[in-house]
Amino acid sequence: MSWPEALKSAIDEFSDVFDPMERYEMLFEWASEVNELPVEEWSEANRIHGCQSDAHVECHLENGLFYMRGGADAQIVQGLMAITCLAVNGREPSEVIDIEPSFVDEMGIKASLTPSRSNGFLNMFKRVQEEAKLLMERE
Amino acid sequence: MSWPEALKSAIDEFSDVFDPMERYEMLFEWASEVNELPVEEWSEANRIHGCQSDAHVECHLENGLFYMRGGADAQIVQGLMAITCLAVNGREPSEVIDIEPSFVDEMGIKASLTPSRSNGFLNMFKRVQEEAKLLMERE
Amino acid sequence: MPLDVDAIRSDFPILSRKVSGGKDLVYLDNAATTQKPQSVIDAMTSYYEQSNANVHRAVHTLAAEATEMYENARNTLADWFGTTRDNLIFTSGTTEAINLVAWGWARSNLKSGDAVIITEMEHHADIVPWQLLAEEKGIEIRVIPINTEKDILDMDIFEASLPGAKLVCVVHTSNVLGVANPIPEIINMAKDAGSKVLIDAAQAAPHHRLNFSNLGADFVAISGHKMCGPTGIGCLLATSECIEQMEPFMSGGDMIETVTMEKSTFASGPQKFEAGTPKIAEAIGFAAAAEYLSKLDMDEVHHHIRGLAKLTAEKIKSVQGITVYGDHSVDEGSGVVSFLHDSIHAEDLARFMDAGGFAMRTGHHCAQPLLDAYGVSSTNRVSFYLYNTEDEANAFVDHLRYVVEKFGG
Amino acid sequence: MPLDVDAIRSDFPILSRKVSGGKDLVYLDNAATTQKPQSVIDAMTSYYEQSNANVHRAVHTLAAEATEMYENARNTLADWFGTTRDNLIFTSGTTEAINLVAWGWARSNLKSGDAVIITEMEHHADIVPWQLLAEEKGIEIRVIPINTEKDILDMDIFEASLPGAKLVCVVHTSNVLGVANPIPEIINMAKDAGSKVLIDAAQAAPHHRLNFSNLGADFVAISGHKMCGPTGIGCLLATSECIEQMEPFMSGGDMIETVTMEKSTFASGPQKFEAGTPKIAEAIGFAAAAEYLSKLDMDEVHHHIRGLAKLTAEKIKSVQGITVYGDHSVDEGSGVVSFLHDSIHAEDLARFMDAGGFAMRTGHHCAQPLLDAYGVSSTNRVSFYLYNTEDEANAFVDHLRYVVEKFGG
Ligand SMILES: Cc1ncc(COP(=O)(O)O)c(C=O)c1O
Ligand SMILES: Cc1ncc(COP(=O)(O)O)c(C=O)c1O
């Protein structure tokens with residue numbers, strides 16, 4: 001899978017860093033860069049299950065292209081959402097469905113890609129892909 | 001625990017033999033030496049539970065001394081009964097209660113002294129000791 | 001390509017053990033439990049030495065590693081059994097898997113008057129739970145007898161018993177006779193009659209590559225320890241439909257969604273039935289067993305095991321006084337051969353064989369009704385597995401012959 | 001004599017692991033599961049490499065060895081817990097042990113209208129089974145609230161709740177607060193009121209030497225993996241009286257006396273509740289854990305663990321924005337310290353700590369009602385064990401301080 005330029009440079013930036021503490025710090029900073037879903041728009045319907053944090057995501061099409069907005073009370077989760085935005089926003093929904101979540105691994109972030117009920121990142125990513133699928137079908 | 005002479009010599013005889021096959025053969029032969037409880041006297045009441053073979057034991061006092069008779073459809077079990085007779089017959093019931101079943105180990109017979117529901121030898125031996133206790137109390 | 005049994009043997013450390021005064025161990029009690037290859041032992045050791053942590057709901061490195069190993073184990077096993085992770089519930093073995101069907105599914109989906117079919121060939125694990133349920137719920141149990149001439153289930157009675165049956169419970173391969181039942185036919189007939197089907201695959205899974213999706217059963221129960229895996233683990237494969245119909249059985253941590261003092265709500269899928277700290281090392285070891293088997297040609301494995309049973313059955317039949325149980329002329333079936341001598345007590349025989357280094361089992365094999373049908377209370381049983389050799393089978397026959405000559409008079 | 005923690009550490013292979021880019025692992029998630037000493041790992045490996053066989057009812061050498069090892073494990077553990085082998089039922093852990101009381105004892109000995117007392121401090125494992133039973137049988141559940149000011153159970157409400165109670169279920173030591181309940185007092189009061197008592201000792205057994213006979217409880221539930229033992233095993237200690245009152249729960253092989261197609265009769269004692277192939281290697285590993293602990297002075301172990309918790313609680317209290325839960329001024333209690341920062345999300349904090357090599361847990365710790373009582377939905381939790389050092393505790397506090405300074409603004 002070839003990543004969009006913006007994601008590529010984020011991956012490069014992260015993978016240059018050796019210390020996981022620093023990497024988390026960077027992610028913490030990315031948290032502010034997410035296409036934010038304001039707290040007022042958080043609802044049970046857009047809540048991501050299986051996160052330890054309270055995390056929400058909203059997805060829509062603009063001119064047939066996919067866009068997500070996200071918000072979470074944990075900054076690192078929100079940082080991962082910001083990175084995910086780089087991966088998915090502005091793409092065809094059909095592309096979004098096919099994206100592998102491996103970019104977090106490439107960034108050296110131990111988000112752990114194990115399918116498990118409590119894997120926040122993976123649950124978030126799957127939710128985004130499900131929404132993309134729904135949007136595609138609805139078109 | 002010091003064993004009666006007859007048991008001691010049985011122990012010696014067995015422990016001289018290295019091959020377990022031969023040892024079982026010897027035990028098989030001993031089976032005929034048991035103070036036998038004839039099949040007609042086998043009953044549910046004198047049946048030993050937890051043996052794979054159908055094994056029965058009858059115990060009584062003669063002049064205040066303990067005696068057992070045994071019978072089993074498996075020859076090796078019956079052989080173990082014969083050895084047990086050497087250990088217990090003609091003793092005070094109070095002595096019988098204190099005997100350790102370790103003599104089979106000393107004979108090199110893997111009768112296994114693990115307490116387990118299906119350990120035939122140990123269940124037999126415990127039964128003999130329980131009978132000794134009952135007989136003592138009844139006196 | 002036939003199995004490279006020598007190479008396989010070197011994977012199993014216990015096979016170099018000596019017993020009974022220095023004799024080579026010939027392990028022929030595989031239907032009770034199989035030995036474990038080094039890779040299975042190592043998988044567990046390495047988990048404990050490198051990654052041990054409680055799984056789920058923690059973000060630290062070890063917990064993430066342990067969770068990944070545990071959940072990957074589920075993936076590996078689901079894959080091996082031809083199903084998905086959402087259809088595999090970890091249990092402590094076949095017994096718990098069947099109990100889970102009885103307590104978790106049947107108890108809430110069957111009602112007084114409904115019928116459950118079991119067979120005379122079942123292991124106690126597939127009899128007693130149904131008796132307890134029948135007593136509690138007023139469920140009718142219909143028993144399919146075995147035709148002891150042909151060593152097969154009476155399929156006419158089976159067919160006649162189907163109307164009104166809600167669940168058919170049948171052992172894939174008998175642990176006493178080595179006989180395989182006509183499972184596809186049974187499943188088809190049961191499905192046509194609108195019944196669910198539970199397959200006890202404890203003896204089949206070790207030498208067949210089961211495919212749950214193709215099989216068409218609703219439930220399949222499996223033990224890890226009988227297929228190169230560790231003790232204390234097994235699984236229930238169940239269709240999504242049935243999993244959704246199941247009520248919680250064991251309850252506690254990890255299987256809930258929310259808990260308040262008033263009311264709890266439950267997780268969905270397999271997790272709903274996996275309460276408490278999972279059998280983590282065991283799941284990892286079980287998956288390592290599936291990985292070990294996946295490197296072999298399972299058709300060859302079956303062929304090898306069954307071949308040894310056929311050979312042995314054929315040879316000991318001609319030993320004076322020996323009766324063999326079960327039909328060993330057919331290719332289907334397992335590595336099990338049950339037999340008895342007409343005058344040497346089964347337990348004596350087992351001890352004499354042990355004295356020669358041969359580990360075999362004696363008893364009712366937790367299948368008393370089946371033995372009752374044959375009019376015996378125990379059998380001697382040898383059971384072969386993938387690491388056994390033709391030389392071992394022949395040595396077994398020779399030692400048996402020697403024992404019979406010596407004591408069978 | 002204080003513990004020789006250096007010597008202890010060298011017994012645990014995992015403690016030399018590096019995590020998070022080469023940092024020393026500081027394992028502070030012991031309330032979730034403890035690490036295993038080499039002797040425990042070796043006991044299981046050696047079982048698998050030398051003696052693996054199914055236990056009970058077979059006479060061959062390996063089966064005899066395995067049975068001996070397995071049954072000796074039961075003896076060792078019974079001894080360690082101050083009881084006899086006839087009062088120890090192997091389960092897969094605390095969760096299954098409590099479920100066994102609910103399904104095997106309470107279900108047949110309580111009737112509609114009877115009351116079961118639980119507390120707000122319980123782990124889900126000691127809440128959900130009672131809710132399910134209550135729903136099925138119309139049993140009343142009475143909940144003893146926690147006084148969140150003093151971090152103790154409200155003993156007045158407990159006393160008032162006793163009349164008519166048939167079973168009191170209480171956690172010995174909270175897995176969230178580290179607080180130990182006044183167990184002797186609770187047991188006395190319950191007994192006086194004619195109630196049975198079940199103690200959840202999952203968190204207490206690891207650093208107390210429990211004595212079942214002296215304790216006077218009717219049931220005690222324990223997990224092996226939280227006290228140096230393997231995953232997949234634990235036990236229920238139960239009085240002979242209660243064991244006799246219990247009905248079969250899981251059923252199948254090994255727990256029966258006889259089985260016919262019409263009716264089965266059951267074994268007596270613990271075996272009645274141990275259906276199927278046992279957790280053999282696990283029982284042996286669990287016993288090796290008890291043997292490991294038996295070489296230590298358990299008073300010192302407790303003192304050491306509790307000391308680290310007290311020290312840590314004291315120090316982090318003064319870190320800006322940190323709230324510590326639970327009373328850590330008293331000597332009773334465990335190695336658990338729960339806390340939260342007022343602006344750093346618990347999960348973020350745990351990740352930052354992990355990045356420094358510190359393994360700690362975050363979440364509801366399977367005790368949602370307790371957290372509800374404190375008005376939080378999760379906490380950060382460190383939990384110390386016998387191999388943790390004061391240096392580790394101090395390093396933890398330092399790294400926490402650093403994280404808070406950096407991100408707590
Ligand atoms: C107090 C308490 N009870 C019960 C349990 C459940 O133990 P297990 O998951 O080992 O069954 C735990 C462990 O998480 C606990 O801390
Ligand atoms: C056919 C069959 N069913 C069930 C079982 C029970 O399996 P486990 O003891 O592993 O639960 C066995 C094993 O003894 C078996 O052979």
Side-chain angles (χ1 to χ4, degrees), chain C residues 13-14 17 19-20 29 32-33 35-36 41 45 48-50 52-54 57-62 92-93 95-96 99 124-125 127-129 131-132 143 225 230-232 248 250-253 256 259-261 264 275-277 279-282 347 350-351 354 359-363 366 368-369, chain D residues 13-14 17 19-20 29 32-33 35-36 41 45 48-50 52-54 57-62 92-93 95-96 99 124-125 127-129 131-132 143 225 230-232 248 250-253 256 259-261 264 275-277 279-282 347 350-351 354 359-363 366 368-369:
Chain C
I14 206 171
R17 250 210 70 166
V19 294
S20 298
D29 192 15
T33 200
Q35 299 304 338
K36 324 303 172 198
I41 301 170
T45 304
Y48 281 128
E49 291 187 354
Q50 293 294 322
N52 174 67
N54 212 327
R57 301 199 165 272
V59 299
H60 64 77
T61 307
L62 293 192
S92 63
T95 302
E96 193 182 295
N99 275 273
H124 294 165
I127 299 174
V128 189
Q131 291 180 337
L132 292 178
V143 180
H225 71 94
T231 58
M250 300 278 196
S251 58
I256 55 93
V259 175
T260 70
M261 277 307 182
S264 302
T277 299
K279 309 158 218 312
I280 308 169
E282 289 82 351
E347 188 177 349
R351 285 184 184 276
D354 179 57
M360 71 176 195
R361 191 149 289 245
T362 308
C366 297
Q368 289 180 346
Chain D
I14 206 171
R17 249 210 71 166
V19 293
S20 298
D29 193 16
T33 200
Q35 299 304 338
K36 325 302 175 199
I41 300 169
T45 303
Y48 282 127
E49 291 187 354
Q50 293 294 322
N52 174 66
N54 212 328
R57 303 200 164 270
V59 299
H60 65 77
T61 306
L62 293 193
S92 62
T95 302
E96 192 180 297
N99 276 275
H124 294 164
I127 299 174
V128 189
Q131 291 180 337
L132 292 178
V143 181
H225 70 93
T231 57
M250 298 278 196
S251 59
I256 56 93
V259 175
T260 70
M261 276 308 182
S264 302
T277 300
K279 308 158 220 311
I280 307 168
E282 289 83 352
E347 190 179 348
R351 286 185 183 275
D354 179 58
M360 70 175 197
R361 191 148 290 245
T362 307
C366 297
Q368 289 180 346

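Below, chains carry the letters A, B, ... as their sequence lines are ordered, and counting in each starts from 1. Because the structure is predicted, anything quoted here is derived from the model rather than measured.
Between chain C and the residues D:P129, D:S20, D:S92, the most heavy-atom pairs under 4.5 angstrom are made by D:P129. Taking chain D as the reference chain and counting heavy-atom pairs below 4.5 Å, the highest number among C:K279, C:Q35, C:E282 is found for C:E282. Contact count against chain C (heavy-atom pairs under 4.5 Å) is highest for D:M261 among D:M261, D:E96, D:K36. Comparing D:T95, D:N99, D:V19 by heavy-atom pairs within less than 4.5 Å of chain C, the highest count is held by D:N99. Top candidate by heavy-atom pairs under 4.5 Å with chain D, chosen from C:I127, C:I41, C:V143, C:T45, is C:I41. Ranked by non-hydrogen atom pairs under 4.5 Å with chain C, the options D:A275, D:G363, D:A32, D:A350 are led by D:A32. The choice from D:A125, D:P230, D:C366, D:S251 that makes the most heavy-atom pairs within less than 4.5 Å of chain C is D:S251.
Looking at every heavy atom in both residues, C:P248 comes nearest to D:L132 through CB-CD1, 4.0 Å. The two atoms that bring C:P13 and D:E49 nearest to each other are CG-CG, 3.8 Å, heavy atoms only. For the residue pair D:H124 and C:G253, the shortest heavy atom distance occurs at CB-N, 4.0 Å.
No side-chain donor-acceptor contact under 3.5 Å links C:T33 to the backbone of D:N54. In this structure, the side chain of C:R17 does not engage the main chain of D:L62 through any donor-acceptor pair within 3.5 Å.
None of C:T277, C:N52, C:I280 except one satisfies the side chain to side chain contact (heavy atoms under 4.5 Å, CB included) rule with D:H225; the exception is C:T277.
With a 4.5 Å cut-off on non-hydrogen atoms, D:S264 touches chain C through its backbone and its side chain both. In this structure, chain C has a heavy atom under 4.5 Å from the side chain of D:Q131, while its backbone stays farther away.
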